[in-house]
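If you read the sequence from its start, that first residue is 1, and numbering goes on from there. No experiment lies behind these values; they were computed from the predicted model shown. Only heavy atoms go into these numbers, but all of them, side chains included; no hydrogens, no water, no symmetry mates.
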Amino acid sequence: MNPYPNLFSPIRVGPLRFKNRIIAAPTQIRQKDPNGHMNDYGIAYQARKAQGGAAQVTIGDTPVEPLYGATQFNSFQLDSPG
């Protein structure tokens, strides 16, 4: 008996359609440059998580406003293009 019969079936959440119900959990980002932007290694790491089959890959500890929302020194930044 399969305890998770819907795990690999698609699901729609609002306008989004996910190929399955697997979400890669957020992990702390250590692969960043001195300005807080993800480096090539970090990009490749996140890409490998997606290639592994997860329908959604999430990134941890990513404040929108790093001046007030950062939880650690040099947090990953979303407020500049890199």
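- Taking the side-chain contact (heavy atoms from CB on, under 4.5 Å) definition, one finds that N6 meets it with S9, R21, sequence neighbours left out.
- I23 and L7 sit in two unconnected hydrophobic clusters of ILVMFWY residues. Membership requires side-chain heavy atoms under 4.5 Å apart, directly or through other members.
- With rounding to the nearest 0.5 angstrom, the CZ atom of F8 is 8.5 Å from the CG atom of N2.
- Across every non-hydrogen atom of P3 and M1, the tightest pair is CD-O, 3.4 Å.
- Under the 4.5 Å side-chain heavy-atom criterion for ILVMFWY residues, a single connected hydrophobic cluster contains both I59 and I43.
- Minimum heavy-atom separation, T58 to A24: OG1-O, 2.7 Å.
- A donor-acceptor pair under 3.5 Å is formed between the side chain of N20 and the backbone N or O of G53.
- Interatomic distance, R17 CZ to I11 CD1, rounded to the nearest 0.5 Å: 10.5 Å.
- Two residues are said to be in side-chain contact when any heavy atoms from C-beta on lie closer than 4.5 Å; Q56 and L16 fail this criterion.
- Rounding to the nearest 0.5 angstrom, the gap separating the CD1 atom in I22 from the OH atom in Y4 is 12.0 Å.
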